[in-house]
Structure formats: C-alpha cells, structure tokens
Undergrad: 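First the structure, which I've put down as structure tokens, then a few questions once you've had a look.
Naming convention: chains lettered A, B, ... in sequence-line order (proteins, then strands); numbering from 1 in each chain.
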Number of protein chains: 2
Amino acid sequence: MAGDEEQVFRNFLARKGRRWTPERKAVLREVFAHHDHFDAEELHRRLRARGLTVSRASVYRTLGLLVESGLVAEVFVEDGHMHYEHVYGHEQHSHLRCLGCRRVIEFRDEALPGVEARLAAAHHFQVTGHKLEVYGWCAACQGKEG
Amino acid sequence: MAGDEEQVFRNFLARKGRRWTPERKAVLREVFAHHDHFDAEELHRRLRARGLTVSRASVYRTLGLLVESGLVAEVFVEDGHMHYEHVYGHEQHSHLRCLGCRRVIEFRDEALPGVEARLAAAHHFQVTGHKLEVYGWCAACQGKEG
DNA sequence: ATTTTTATTGAGACTCTATATCATTATTTT
DNA sequence: AAAATAATGATATAGAGTCTCAATAAAAAT
Ligand SMILES: [Mn+2]
Ligand SMILES: [Mn+2]
Ligand SMILES: [Zn+2]
Ligand SMILES: [Zn+2]
C-alpha cells in the first residue's frame with residue numbers, strides 16, 4: 001500500500017492510453033517525497049533544485065493527472081493559487097486554518113462519514129468525497145484580529 | 001434583520017474609517033437582489049445591465065469589503081475563479097456539488113456545530129466558521145463518469 | 001531490430017483573474 | 001466654505017494556468 005503510488009499511477013496512465021515518462025516519474029516522486037501542502041510553482045522549484053529538468057508546463061500537466069487519478073488532492077486556495085497534497089496512503093483528513101499565522105492543523109472527525117451518508121440518501125447522490133476547512137484563530141493569534 | 005444589510009455595511013465602513021458611496025450601495029443592492037452564487041464579472045455585468053456604472057475595479061474592491069464585513073462569503077472556485085454568495089440573513093449551509101452537471105445543492109447538517117466545538121476545545125482555537133463542500137454524482141449524472 | 005504511430009515535451013505566447021497605480025473626483029470633517 | 005483624505009475609473013501590471021507547435025520519445029506494429 002505505502003510506496004505503491006508509482007504502480008497506481010502507471011495503471012491509471014495505461015488505462016487512459018497515456019504514457020509513463022521520466023518527467024512524470026520525477027513529479028510523482030517529488031510529490032510523495034514530503035508530507036506537506038505545496039503549490040505548482042514550489043513543486044517546479046524543488047525539482048529544479050534536485051537537478052531534474054521538468055518544464056513548468058509538464059509540472060502543471062502532471063499535477064492535473066495526479067489529481068484526476070486520486071493520488072493527489074487540491075486542498076485549498078491561498079495567496080490566489082491552489083495548494084495540493086498527496087493523499088494516497090494517508091487517512092482522509094480535514095484542515096483547521098488559523099486566519100492569523102496561517103498555520104494549518106490536520107484533523108479527523110468521526111461525524112463526516114455520517115454527513116456523506118445522509119446526503120447520498122437524501123439526494124440520491126453517489127458521493128465521492130468532501131472537503132472541509134475550519135477557520136479561526138489559534139491560541140497564539142487570539143486577540144490580534146484588528 | 002432581513003433587509004438590514006445596508007445598515008450593517010454602513011456600520012462596518014464607519015468603524016473602519018471607510019466611506020459610503022453610490023458605487024458601494026449599487027454593488028450591495030445587486031448582491032442582495034438574488035439568492036444565488038455569482039462571480040465578480042457576472043456581478044459587474046448585471047450592474048451595467050441595470051444602467052449603473054460601477055468600474056470593474058470598484059466591483060472587486062467592494063466585494064472584498066463585503067467579504068471582510070461578513071455579509072458575503074467566498075463559496076467555491078469553479079472555472080478557475082472565485083464564486084460568492086450573500087450570507088447575511090441566511091442560515092449557514094454547505095454545498096453538495098455534482099461533478100457532472102455542476103449543479104449545486106445547498107444543505108444543512110446538524111453534525112457541523114459539534115465538529116467546530118470539538119476542534120475549538122482540542123486545539124484551543126477560537127473557531128469563526130467553516131466551509132464544507134461535498135462532491136459526487138447526482139441521480140441524473142450517475143454512470144457518465146468516463 | 002526497424003519502422004510507424006502517436007503521445008509528450010519544452011519554450012514561449014497567450015488568456016484570464018485580480019490587483020496596483022495615479023490623476024481626478026467625491027465624501028467627510030473642521 | 002475650505003481642508004483633509006478616501007474612492008473612483010482608466011489603465012497598466014502581476015500572476016496563475018493553459019495553449020500552440022515543432023521536435024522528441026514512448027509504445028505498438030512489422
Ligand atoms: Mn493535509
Ligand atoms: Mn449557497
Ligand atoms: Zn495563528
Ligand atoms: Zn449532475
């Protein structure tokens with residue numbers, strides 16, 4: 001299960017008639033090298049820092065494929081652009097965000113599966129996932145709102 | 001409480017040393033004229049259609065102020081840009097989105113206040129709000145995933 | 001192994017959303 | 001009425017993300 005993301009991605013690509021390339025491999029590896037939230041330009045920078053030449057266009061394109069495959073998820077918009085995280089091999093979780101220092105705390109809550117189930121039943125939806133962000137002020141930032 | 005948004009906005013502006021102008025009034029009125037989800041350009045178009053001349057810049061600026069005041073909320077990103085809704089005078093709700101036809105269903109779930117409360121306690125957060133989106137396929141769109 | 005087919009790449013142009021600049025105008029205060 | 005200062009609109013600018021296309025490389029066919 002863990003470390004298996006390459007096989008999952010290759011299967012996904014094969015199923016869609018897409019190809020496995022060194023660029024896609026490099027992006028996949030970098031995305032799964034750290035557990036953190038990142039954006040496209042940062043990912044591009046990291047790859048270059050490792051001496052791997054993957055164009056900006058290919059980074060964006062591969063990121064799209066990774067999201068489509070379900071290995072990676074869009075987490076939130078900050079500073080006017082999307083941020084991502086790898087999700088394959090990790091428990092589903094949500095994000096608690098401090099409006100002051102912008103710190104992000106990951107959390108799991110047992111109530112969410114119930115919410116999904118109720119919605120599926122009430123609206124005849126085939127629910128595939130959800131995104132929950134909770135906002136507020138962390139202990140350190142409380143009272144600095146002005 | 002309902003229809004009170006003008007007074008709330010004027011108070012908000014006064015408190016921040018900002019001014020009440022015809023342009024801000026026009027934007028506020030248009031935002032509260034319909035209950036739907038909209039984007040900045042659409043709002044601008046609607047104002048022009050009414051014969052009101054408010055520049056694009058002022059639309060974006062006023063939208064920012066409305067969000068800051070809490071009268072309006074950012075709901076989701078679609079087609080690469082933000083969508084909004086007025087929230088003042090309405091019960092808090094979340095959004096169920098069909099990945100096929102992009103239809104949006106509003107819903108309320110009793111579990112959410114509990115989630116907020118548990119997070120506040122566990123992380124010493126002063127929680128101010130949350131945003132929940134649930135994704136899936138509506139009855140009409142199921143099986144068209146390809 | 002060679003050839004053929006076709007997806008991918010990279011460079012840069014381009015689109016679009018959103019913000020910044022700044023001279024002019026309007027609101028608020030004195 | 002005058003002074004102070006915030007807001008406006010036109011336009012420029014920034015930034016994220018997509019598109020184009022000729023060259024290249026992966027996979028399939030022979
Ligand atoms: Mn996370
Ligand atoms: Mn809504
Ligand atoms: Zn904080
Ligand atoms: Zn649908």
Undergrad: Which of these nucleotides, dT9(C), dT8(D), dA11(C), is closest to any side-chain atom of Thr21(B)?
TA: dT8(D)
Undergrad: Using atom NE2 of His81(A) as one end and atom C1' of dA14(D) as the other, report the distance to the nearest whole Å.
TA: 13 Å
Undergrad: Please give, in whole Å, the distance from dT29(C) C1' to Trp20(B) CH2?
TA: 20 Å
Undergrad: dG10(C) phosphate, OP1 or OP2: any side-chain N/O from Ser58(A) under 4.0 angstrom?
TA: yes
Undergrad: Starting from P on dT17(C), measure out to CD on Glu74(B) and report it in whole angstrom.
TA: 16 Å
Undergrad: Of all the choices, dG10(C), dT8(C), dG9(D), which nucleotide is nearest to the side chain of Arg61(A) once you look at every atom?
TA: dG10(C)
Undergrad: Just grab all the salt bridge (Lys or Arg N to Asp or Glu O under 4.0 Å) pairs involving residues 67-85 of chain B, residues at least two apart or on different chains.
TA: Lys16(B)-Glu68(B), Glu78(B)-Arg97(B), Asp79(B)-Arg102(B)
Undergrad: Measure from CG on Leu65(B) to C1' on dT19(C) and round the result to the nearest Å.
TA: 14 Å
Undergrad: More 5' along DNA chain C: Arg10(B) or Gly80(B), using each one's nearest nucleotide?
TA: Gly80(B)
Undergrad: Can you check the Leu43(B) CG to dT17(C) P distance for me, whole Å?
TA: 14 Å
Undergrad: Starting at atom CD of Glu78(B), determine the distance to atom P of dT17(C), rounded to an integer number of angstrom.
TA: 13 Å
Undergrad: Where the side chain of Gln142(B) meets the backbone of His124(A), is there a donor-acceptor pair that is under 3.5 Å apart?
TA: yes
Undergrad: Check every atom of dA26(D), dT27(C), dG9(D) against the side chain of Pro22(B) and return the nucleotide holding the closest atom.
TA: dT27(C)
Undergrad: Starting the side chain at C-beta, find the nucleotide from dT8(D), dA20(C), dA16(D) nearest to Tyr60(A).
TA: dA16(D)
Undergrad: Is a donor-acceptor contact shorter than 3.5 angstrom present between the side chain of Arg56(B) and the base of dA18(C)?
TA: yes
Undergrad: In terms of relative ring orientation, are His95(A) and His93(A) parallel, tilted or perpendicular, with 30° and 60° separating the classes?
TA: perpendicular
Undergrad: Over how many whole Å does the gap from Asp39(A) atom CG to dG17(D) atom C1' extend?
TA: 12 Å
Undergrad: Among dA13(C), dT17(C), dG10(C), which nucleotide sits nearest the side chain of Glu41(B)?
TA: dT17(C)
Undergrad: Give a yes/no on whether any side-chain N or O of Arg24(B) is located under 4.0 angstrom from OP1 or OP2 of dT8(D).
TA: yes
Undergrad: Among dA11(C), dA6(D), dA25(D), which nucleotide sits nearest the side chain of Arg19(A)?
TA: dA25(D)
Undergrad: In whole angstroms, how far is the C1' atom of dT19(C) from the CE atom of Met82(B)?
TA: 15 Å
Undergrad: Hey, can you tell me if His83(B) and His81(B) have their rings parallel, tilted or perpendicular (30° and 60° cut-offs)?
TA: parallel
Undergrad: Can His90(A) and Glu106(A) be counted as having a side-chain donor-acceptor contact under 3.5 angstrom?
TA: no
